[in-house]
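Down below is the structure, laid out as structure tokens.
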Amino acid sequence: MNPIVRVEHLRKVYRVGKEKVVALNDVSLDIMPGEVCCIVGASGSGKSTLLNQLAGLEKPTKGKVYIGKHEISAMNENELAKFRQAHLGFIFQSYNLLPNLTAVENVAMPLMFKGVSKKERNKLALAQLKRMGLAKRADHKPKEMSGGQQQRVGIARAFVLKPKVIFADEPTGNLDTKTTKQVLYSMLGMAKENGTTFVMVTHEKDLAGCADRVITILDGNVLSNILVDDETKAKNRAKMFEGVAADSVPDEPVAAQPENTSEVVPKTAAETAEKIKNTIINSEEKKQ
């Protein structure tokens with residue numbers, strides 16, 4: 001299997017007055033299709049710069065960045081804009097919502113650029129808002145919502161097109177602990193359903209522990225690039241999401257469990273770990 005994201009000898013240098021600041025220094029790495037990849041590191045380590053390079057939001061000083069077979073580092077701005085619109089999703093820490101549009105209109109906007117009819121795009125946008133627990137806020141504008149609610153609108157917008165890759169900069173940074181767990185659970189579920197590669201910058205160790213791959217950046221260099229084994233990943237996710245699987249994201253009622261269901265919701269961390277581990281193993285077997 002070929003990587004979905006590939007970086008070759010990436011270097012990024014900024015000029016600050018008369019000085020040169022090396023943000024990234026000879027970075028090379030691969031991210032495989034469908035992976036949840038966390039980029040971690042201290043403040044100023046270069047992790048956000050790396051994310052911007054991967055997403056084509058900044059040009060490298062040297063080196064190459066590929067998404068699939070496309071060398072995005074060689075594209076001009078018009079080519080990049082079309083490519084991002086067709087294949088990528090973004091979740092920004094600063095939300096980047098349009099203030100004069102409602103939540104459903106903000107989420108539906110990427111679909112408008114795809115030529116989807118208004119009725120259909122509003123239907124799809126509302127479905128994404130519901131998964132984020134915001135169906136009741138669909139007609140609210142950003143100023144009428146809390147920071148956490150605005151962030152969830154941004155997350156819904158990123159997923160509505162079912163892109164190949166989603167890049168996220170601290171996607172749960174404005175959420176409380178409980179909502180962080182519920183939203184991350186939803187994001188991982190949607191990424192898996194859609195076969196989306198999810199690349200996230202975070203400073204939270206618990207979030208990084210739920211990833212398939214963890215890339216640590218230090219002083220502009222890749223300190224480590226670890227592919228997490230299935231057992232460790234299952235235990236980390238079980239601990240993170242204990243009691244979350246049956247819950248909804250806030251602002252939505254909890255769905256009642258069917259009386260005669262063959263799907264038993266795990267109640268303990270051990271049961272959850274076993275369930276997640278089996279799911280991961282089955283998924284890997286299908287790929288082979």
Side-chain angles (χ1 to χ4, degrees), residues 3-16 19-67 72-73 80 84 88-96 147 151 154-155 158 163-175 177 180-181 183-184 187-188 191 196-228 232-233 236-237 240:
I4 186 69
V5 178
R6 179 161 53 96
V7 175
E8 296 180 353
H9 303 293
L10 190 65
R11 179 175 172 85
K12 181 62 179 178
V13 180
Y14 294 104
R15 286 190 175 275
V16 181
E19 295 184 7
K20 292 182 179 180
V21 177
V22 179
L24 295 172
N25 183 30
D26 197 30
V27 171
S28 296
L29 57 86
D30 291 341
I31 299 172
M32 303 306 291
E35 283 186 345
V36 176
C37 174
C38 279
I39 302 173
V40 300
S43 178
S45 61
K47 59 184 186 295
S48 291
T49 300
L50 177 58
L51 188 78
N52 289 342
Q53 297 289 317
L54 299 181
L57 297 176
E58 294 181 13
K59 288 284 187 180
T61 304
K62 289 183 180 180
K64 299 178 180 180
V65 179
Y66 293 87
I67 295 182
I72 65 168
S73 52
L80 272 171
R84 286 194 293 257
L88 309 181
F90 301 90
I91 302 170
F92 302 97
Q93 191 173 8
S94 56
Y95 321 135
N96 282 24
Q151 184 65 303
I155 292 168
K164 291 181 179 179
V165 186
I166 288 180
F167 296 100
D169 188 2
E170 299 283 3
T172 60
N174 296 298
L175 305 177
T177 302
T180 289
K181 293 181 178 182
V183 167
L184 182 62
M187 287 194 294
L188 294 182
T196 300
T197 304
F198 192 69
V199 183
M200 172 174 61
V201 162
T202 183
H203 67 279
E204 298 186 40
K205 291 183 179 180
D206 289 343
L207 267 63
C210 296
D212 301 302
R213 182 183 301 275
V214 181
I215 297 171
T216 303
I217 303 295
L218 178 65
D219 297 332
N221 297 285
V222 175
L223 182 64
S224 63
N225 184 350
I226 299 172
L227 188 63
V228 184
T232 300
K233 184 166 51 180
N236 290 342
R237 292 187 181 185
M240 180 74 173

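Throughout, residue positions are numbered sequentially from 1 according to the sequence presented.
Of all the heavy atoms in Leu88 and Pro163, the pair that sits closest is C-CB, 3.7 Å. Nearest approach of Gln53 to Ile72, heavy atoms of both residues: O-CD1, 4.0 Å. When every heavy atom of Ala211 is checked against every heavy atom of Cys38, the shortest pair comes out as CB-SG, 3.8 Å. Across all non-hydrogen atoms, the minimal contact from Ile215 to Cys37 is CD1-SG, 3.6 Å.
Here CG of Asn25 is found 12.0 Å from NE2 of His9. Values are rounded to the nearest 0.5 Å. Going from atom OH of Tyr66 over to atom CG of Asp30 covers 11.5 Å, rounded to the nearest 0.5 Å. The OH atom of Tyr14 sits 7.0 Å away from the CG atom of Leu24 when rounded to the nearest 0.5 Å.
More than 12 heavy atoms of other residues, nucleotides or ligands shown are found within 6.0 angstrom of NZ on Lys59.
For Asn236 (side chain) and Cys210 (main-chain N/O), no donor-acceptor pair under 3.5 Å exists by modelled atom type. Under the 3.5 Å distance criterion, the side-chain polar atoms of Ser73 are matched with a main-chain donor or acceptor of Val65. Side-chain N or O atoms of Gln151 include none that pairs as donor or acceptor with a backbone N or O of Thr172 at under 3.5 Å. No donor-acceptor pair under 3.5 Å is formed between the side chain of Thr196 and the backbone N or O of Phe198.
Shown here are the salt bridge (charged side-chain N to carboxylate O under 4.0 Å, His left out) partners of Glu58, two or more places apart in sequence or in another chain: there are none. Thr177 meets the side chain to side chain donor-acceptor pair (under 3.5 Å) test with no other residue; sequence neighbours excluded. With sequence neighbours excluded, the residues satisfying side-chain contact (heavy atoms from CB on, under 4.5 Å) with Val13 are Arg11, Lys20, Val22, Thr61. Applying the side chain to side chain donor-acceptor pair (under 3.5 Å) criterion to Ser28, with sequence neighbours excluded, gives no partner residue.
Applying the salt bridge (Lys or Arg N to Asp or Glu O under 4.0 Å) rule to pairs touching residues 213-228 yields Glu35-Arg213, sequence neighbours excluded.
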Can you give each donor-acceptor pair under 3.5 Å made by side-chain atoms of residues 40-49, sequence neighbours left out, with the distance rounded to 0.1 Å?
residue	atom	partner	partner atom	Å
Ser45	OG	Ala42	O	2.8
Lys47	NZ	Gly41	O	2.9
Lys47	NZ	Ala42	O	3.3

